[in-house]
Amino acid sequence: MNIAIANDHAGVEIKKLLVQHLKEKGYDVVNFGTNTEESVDYPDYIGKAAKAIQNGSADFGIVICGTGIGASITANKFKGIHAALCHDEYTAKMARNHNNANVLAFGARVLDNEEVIKIVDIFLSEPFLGERHERRVNKVKYIEDKNFC
Ligand code: RB5
């Protein structure tokens with residue numbers, strides 16, 4: 001499974017830990033930066049991960065900023081990206097089970113490293129449950145089709 005990961009300066013430290021963790025678990029990880037703590041603008045990096053999913057080179061994305069808010073807003077501006085801002089194991093599970101999210105967003109300044117690893121592992125292993133949720137996600141896609149160029 002291919003994972004695209006991108007972050008601003010707030011997410012550098014946890015991103016490095018995550019890349020190592022995911023590689024150890026056998027995932028192919030593409031890191032779109034940023035890789036230093038010099039202040040950057042999150043849309044410049046998050047957009048690269050979103051595009052990797054759009055063009056099929058990544059199956060899932062992980063996007064990180066200080067709060068996760070800017071990262072999730074940015075990712076959701078790309079057609080076909082359904083980014084979920086998750087704060088705990090429950091929201092990470094529901095993001096997959098109910099929303100079929102393909103991008104996980106979280107705040108590096110909100111969660112500690114241990115919580116992040118748990119959230120990421122859950123997000124990448126939980127299935128979409130379909131059924132009534134499929135109808136709802138299809139309605140989201142319908143809105144997306146009508147509103148994105
Ligand atoms: C950067 O200071 C911070 O604004 C950014 O990481 C993010 O939290 C924005 O949503």
Side-chain angles (χ1 to χ4, degrees), residues 1-25 27-126 128 133 136-137 139-149:
M1 189 186 286
N2 296 324
I3 312 295
I5 191 163
N7 55 279
D8 72 1
H9 49 284
V12 171
E13 185 196 323
I14 185 61
K15 188 270 299 292
K16 287 179 181 168
L17 284 177
L18 263 185
V19 168
Q20 190 186 342
H21 173 75
L22 291 171
K23 284 184 175 169
E24 281 169 10
K25 290 198 86 174
Y27 293 103
D28 290 317
V29 184
V30 183
N31 170 21
F32 289 98
T34 185
N35 296 309
T36 75
E37 301 201 355
E38 184 185 336
S39 182
V40 294
D41 298 333
Y42 57 82
D44 297 339
Y45 293 87
I46 306 309
K48 294 178 187 179
K51 281 182 186 164
I53 295 170
Q54 277 187 327
N55 70 28
S57 60
D59 303 298
F60 288 100
I62 300 173
V63 295
I64 313 161
C65 63
T67 58
I69 296 170
S72 58
I73 290 172
T74 304
N76 279 314
K77 296 299 178 195
F78 290 78
K79 189 170 195 291
I81 302 303
H82 295 218
L85 174 54
C86 297
H87 302 294
D88 51 29
E89 293 169 64
Y90 178 72
T91 50
K93 181 169 161 47
M94 289 303 107
R96 290 292 310 131
N97 291 172
H98 289 190
N99 306 105
N100 202 18
N102 53 7
V103 171
L104 167 67
F106 69 83
R109 294 172 179 160
V110 177
L111 299 169
D112 66 34
N113 294 349
E114 209 172 300
E115 289 171 317
V116 168
I117 298 287
K118 283 186 199 158
I119 286 170
V120 167
D121 285 347
I122 286 172
F123 184 84
L124 294 177
S125 60
E126 284 291 326
F128 177 49
H133 306 295
R136 294 161 187 165
V137 170
K139 289 184 178 185
V140 174
K141 287 182 184 162
Y142 177 77
I143 292 169
E144 187 179 47
D145 285 341
K146 285 194 71 157
N147 290 288
F148 276 80
C149 298

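The first residue of the sequence shown is numbered 1, and numbering continues consecutively from there. As the structure lists them, so they are numbered: ligands from 1, and atoms in each ligand from 1. No hydrogens, no waters, no symmetry mates; every other heavy atom, side chains included, goes into these values. Bear in mind that the values here come from a model prediction, so they are computed numbers and not experimental data.
- In E13, the CD atom is not crowded: 12 or fewer heavy atoms of neighbouring residues, nucleotides or ligands sit closer than 6.0 Å.
- No side-chain heavy atom of E115 sits less than 4.5 Å from a side-chain heavy atom of V110.
- In this structure, K118 does not pair ionically with D88, as no charged nitrogen and carboxylate oxygen lie closer than 4.0 Å.
- The shortest distance between side-chain heavy atoms of F106 and I119 does not fall below 4.5 Å.
- Relative orientation of the F60 and F123 rings is perpendicular, given thresholds of 30° and 60° on the angle between their planes.
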Give every pair made of an N or O atom of ligand 1 and a protein N or O atom lying under 3.5 Å apart, one pair per line with both atom names and the distance to 0.1 Å, or write 'none'.
| from | atom 1 | to | atom 2 | distance (Å) |
| --- | --- | --- | --- | --- |
| ligand 1 | 2 (O) | R109 | NH1 | 3.2 |
| ligand 1 | 6 (O) | D8 | OD2 | 2.5 |
| ligand 1 | 6 (O) | G66 | N | 2.7 |
| ligand 1 | 8 (O) | G66 | N | 3.2 |
| ligand 1 | 8 (O) | T67 | N | 3.0 |
| ligand 1 | 8 (O) | T67 | OG1 | 3.2 |
| ligand 1 | 10 (O) | T67 | OG1 | 3.4 |
| ligand 1 | 10 (O) | G70 | N | 2.9 |

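- From T34, atom OG1 reaches atom NZ of K48 across 8.5 Å, with rounding to the nearest 0.5 Å.
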